[in-house]
Amino acid sequence: MRRKLDVTEGEFTLLRNRFGRLIAGTAASAMLFAVAACGGDDTEAAPSGAPAASSSAPAAASAKVGLAYDIGGRGDQSFNDSAAAGLDKAKAELGVEVNELEAANGETDAQKEERLRLLATGGFNPIIAVGFAYSGAITKVAKEFPDIKFAIVDDAAEGANISNLVFAEEQGSFLVGVAAALKSTKNSVGFVGGVDVPLIHKFEAGFEAGAKAVKPDVKVQKKYLTQPPDFSGFGDPAKGKTAAEGMFDAGADVIYQAAGGSGAGVFEAAKAAGGMAIGVDSDQAKTADPTVADVIITSMLKKVDVAVFDFIKNFTANTVKPGITVYDLKAGGVDYSLTGGKIDDIKAQIDEYKNKIISGEITVPTGA
């Protein structure tokens with residue numbers, strides 16, 4: 001069961017400040033990459049079911065959903081693919097028409113704005129932007145198209161027609177931090193972040209807190225692949241591999257990556273070093289290259305597919321409302337995976353911490 005958290009104006013401001021915003025670089029011509037929509041997905045997800053304000057959304061049969069991906073796009077085996085799964089499910093179960101546009105490395109806010117405008121002028125409603133990098137763009141474009149419903153994944157962008165789909169990444173990261181520390185025989189674990197931004201700080205903070213909850217003296221190595229405004233750290237497997245190799249050489253035996261497509265390089269490094277890795281967003285033991293999937297002991301599940309499907313279903317039911325929806329551990333928005341059976345022996349210990357977080361006994365830091 002999922003729940004919507006009512007957020008006051010003050011809480012909205014705090015959340016808005018917590019999530020990173022992409023600062024526009026120099027002006028450049030718009031680069032739009034249209035991708036044909038793919039087929040359905042059988043991943044189960046249920047709507048949040050929270051009461052919502054009335055919407056002018058059309059019936060499901062005529063709804064046209066536009067989705068703009070973050071860097072890496074469909075096929076990144078992680079964050080974007082999770083969003084794609086929710087879109088596929090909506091296409092299969094709700095009969096909506098879909099169109100997907102992809103981002104490019106090094107693009108500006110102006111290019112993101114044009115991508116969203118292309119969908120809006122093409123008759124797509126609702127429109128979903130995947131990733132906090134769209135925050136500035138969606139805030140601007142949504143004002144230009146007040147009759148269109150927009151949603152952004154991973155940020156709190158303010159607007160009368162913008163729904164904010166955010167997650168308690170720190171809570172899921174805490175659980176895989178517990179797993180990493182319990183599985184480490186060298187008392188040294190690592191964290192690789194794609195880009196050094198507030199959102200990824202949540203993954204780092206939760207992971208370190210979880211690891212130290214079970215082993216206070218555990219060493220936690222940390223590395224970010226790029227600094228903003230360079231967001232290529234979410235789509236550079238070579239950088240991910242180099243960072244992970246350095247950590248394994250320095251004594252780590254388990255590395256958690258929150259680096260999008262760059263995570264593939266972390267898995268390669270783990271395989272070569274005889275180490276262990278932890279995936280992110282999706283159950284990456286199922287989605288990663290089969291040659292490296294066996295090194296993934298668990299993944300922090302961030303159910304972007306659930307949030308995307310919920311938003312589309314609410315749109316078709318005329319129940320979309322603006323503001324923040326938080327998908328936390330209690331709501332089933334984050335969790336950890338068990339594929340491969342590599343952490344079955346410590347599941348009970350991890351679940352003890354999970355229950356304490358849900359009950360409020362443990363408050364996980366966010367790195368803010």
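Asp294 has a carboxylate O that lies under 4.0 Å from a charged side-chain N of Lys271, or vice versa, which qualifies the two as a salt bridge. With respect to Lys112 and Glu107, a salt bridge is recorded, a charged nitrogen being found less than 4.0 Å from a carboxylate O. Using a 4.0 Å cut-off between a side-chain N of Lys or Arg and a carboxylate O of Asp or Glu, Lys183 and Asp345 qualify as a salt bridge.
Considering only heavy atoms from C-beta on, Val65 comes within 4.5 Å of Pro126 through its side chain. Using a 4.5 Å heavy-atom cutoff, the side chains of Val280 and Gln257 are in contact. Between Glu114 and Val141 there is no side-chain heavy-atom pair separated by less than 4.5 Å. Side-chain atoms of Ser262 and Asp236, non-hydrogen and from C-beta on, do get closer than 4.5 Å to each other. Between Ile312 and Leu87 the shortest side-chain heavy-atom distance falls below 4.5 Å. Under the 4.5 Å side-chain criterion, counting only non-hydrogen atoms from C-beta, Arg74 is not in contact with Asn80. Between Ser135 and Ile152 there is a side-chain heavy-atom pair separated by less than 4.5 Å.
Of the possible polar contacts, one joining the Ser359 side chain to the Lys356 backbone as a donor-acceptor pair under 3.5 Å is found. Formation of a donor-acceptor pair under 3.5 Å by the Ser184 side chain with backbone atoms of Val254 is not found in this model. Between the side chain of Lys223 and the backbone N or O of Gly246 there is no donor-acceptor pair closer than 3.5 Å. Panel note: side chain Asp305, backbone Ser82; no donor-acceptor pair is recorded below 3.5 Å. Without hydrogens or angle criteria, Asp289 side chain to Thr291 main chain gives a donor-acceptor distance under 3.5 Å. Counting only distance, with no hydrogens or angles, the side chain of Thr226 and the backbone of Gly233 share a donor-acceptor pair below 3.5 Å.
When all heavy atoms are compared, the tightest approach of Ala181 to Val189 is N-CG1, 4.5 Å. Here the shortest heavy-atom pairing between Val220 and Lys212 reads CG2-CE, 4.2 Å. Minimum heavy-atom separation, Ala142 to Asn161: O-ND2, 3.1 Å. Between Gly136 and Asp109 the shortest heavy-atom distance is CA-OD2, 4.2 Å. Across all non-hydrogen atoms, the minimal contact from Ile200 to Gly194 is CG2-N, 4.4 Å. Considering all non-hydrogen atoms of both residues, Lys149 and Asn125 come closest at N-OD1, 2.9 Å.
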side-chain contact (heavy atoms from CB on, under 4.5 Å) assessment of Asp154 paired with Lys302: CA-CA 11 Å; Asp154 270 355; Lys302 178 175 170 178; 2.7 Å; yes
Please step through side-chain contact (heavy atoms from CB on, under 4.5 Å) for the pair Phe203 and Asp281, ending with a clear verdict. CA-CA 11 Å; Phe203 293 81; Asp281 296 334; 4.3 Å; yes
Could you please spell out the steps behind the side-chain contact (heavy atoms from CB on, under 4.5 Å) verdict for Leu175 and Ile357? CA-CA 10 Å; Leu175 300 183; Ile357 294 171; 4.1 Å; yes
Would Ile297 and Ile278 satisfy side-chain contact (heavy atoms from CB on, under 4.5 Å), going step by step from the backbone distance to the final call? CA-CA 6 Å; Ile297 61 172; Ile278 295 175; 4.0 Å; yes
Test side chain to side chain donor-acceptor pair (under 3.5 Å) on Asp230 and Ser232; report intermediate values, then the result. CA-CA 6 Å; Asp230 180 2; Ser232 65; 2.7 Å; yes
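Between Lys347 atom NZ and Asp344 atom CG the span is 8.5 Å, to the nearest 0.5 Å. To the nearest 0.5 angstrom, Asn99 atom CG is 6.0 Å from Leu119 atom CG. Taken to the nearest 0.5 Å, the CD atom of Gln349 stands 5.0 Å off from the CG atom of Leu182. We find the CG-CG distance between Asp328 and Asp335 to be 11.5 Å, quoted to the nearest 0.5 Å. The OG1 atom of Thr363 lies 9.0 Å from the CD atom of Gln171; values are rounded to the nearest 0.5 Å. Rounding to the nearest 0.5 Å gives a distance of 10.5 Å between CG of Asp70 and CD of Glu102.
Relative to the six-membered ring of Phe309, Lys89 meets both conditions, a distance below 6.0 Å and an angle of at most 45° to the axis.
Hydrophobic clustering, with ILVMFWY side chains joined whenever heavy atoms are under 4.5 angstrom apart, groups Met276 together with Val178. The hydrophobic cluster containing Met300 does not contain Val292, counting ILVMFWY residues as joined when their side-chain heavy atoms lie under 4.5 angstrom apart, directly or transitively. In the hydrophobic clustering of this structure, Phe167 groups with Val308; members are Ile, Leu, Val, Met, Phe, Trp, Tyr whose side-chain heavy atoms approach within less than 4.5 Å, directly or through other members. Criterion: ILVMFWY side-chain heavy atoms under 4.5 Å apart, direct or through other members. Under it, Ile346 and Leu301 are not part of a common hydrophobic cluster. Hydrophobic clustering (side-chain heavy atoms under 4.5 Å, transitive across Ile, Leu, Val, Met, Phe, Trp, Tyr) groups Leu67 together with Val304.
Screening residues 336-356 for ring pair (Phe, Tyr, Trp, His ring centres under 6.0 Å) gives Phe174-Tyr353 as the qualifying pairs, with residues at least two apart or on separate chains. Applying the ring pair (Phe, Tyr, Trp, His ring centres under 6.0 Å) test to every pair with at least one member in residues 90-112, sequence neighbours left out, gives no pairs at all.
Using a 3.5 Å distance cut-off with no hydrogens or angles, the side chains of Ser282 and Asp81 do not pair a donor with an acceptor. For the residue pair Tyr69 / Asp76, no side-chain donor-acceptor distance below 3.5 Å is found, with atom types taken as modelled.
Evaluated for a side chain to side chain contact (heavy atoms under 4.5 Å, CB included) with Val153, the options Phe79, Tyr134, Phe311, Tyr327 yield exactly one hit, Phe79.
Within 6.0 Å of NZ in Lys140 there are 12 or fewer heavy atoms belonging to other residues, nucleotides or ligands. The number of heavy-atom neighbours closer than 6.0 Å to NZ of Lys354, taken from other residues, nucleotides and ligands shown, is above 12.
The ring-ring contact (aromatic ring centres under 6.0 Å, His included) test applied to Tyr256 returns Phe191, Phe207, not counting sequence neighbours. For Ser188, the side-chain contact (heavy atoms from CB on, under 4.5 Å) criterion is met by Lys219, Gln221, Ala252, not counting sequence neighbours. With sequence neighbours excluded, no residue forms a side-chain hydrogen bond (donor to acceptor under 3.5 Å, both in side chains) with Lys303.
Side-chain contacts under 4.5 Å among hydrophobic residues (ILVMFWY), followed directly or transitively, place Leu225 together with Val192, Met247, Phe248, Ile255, Val266.
The aromatic rings of Phe231 and Phe132 are tilted relative to each other, their planes meeting at an angle between 30° and 60°.
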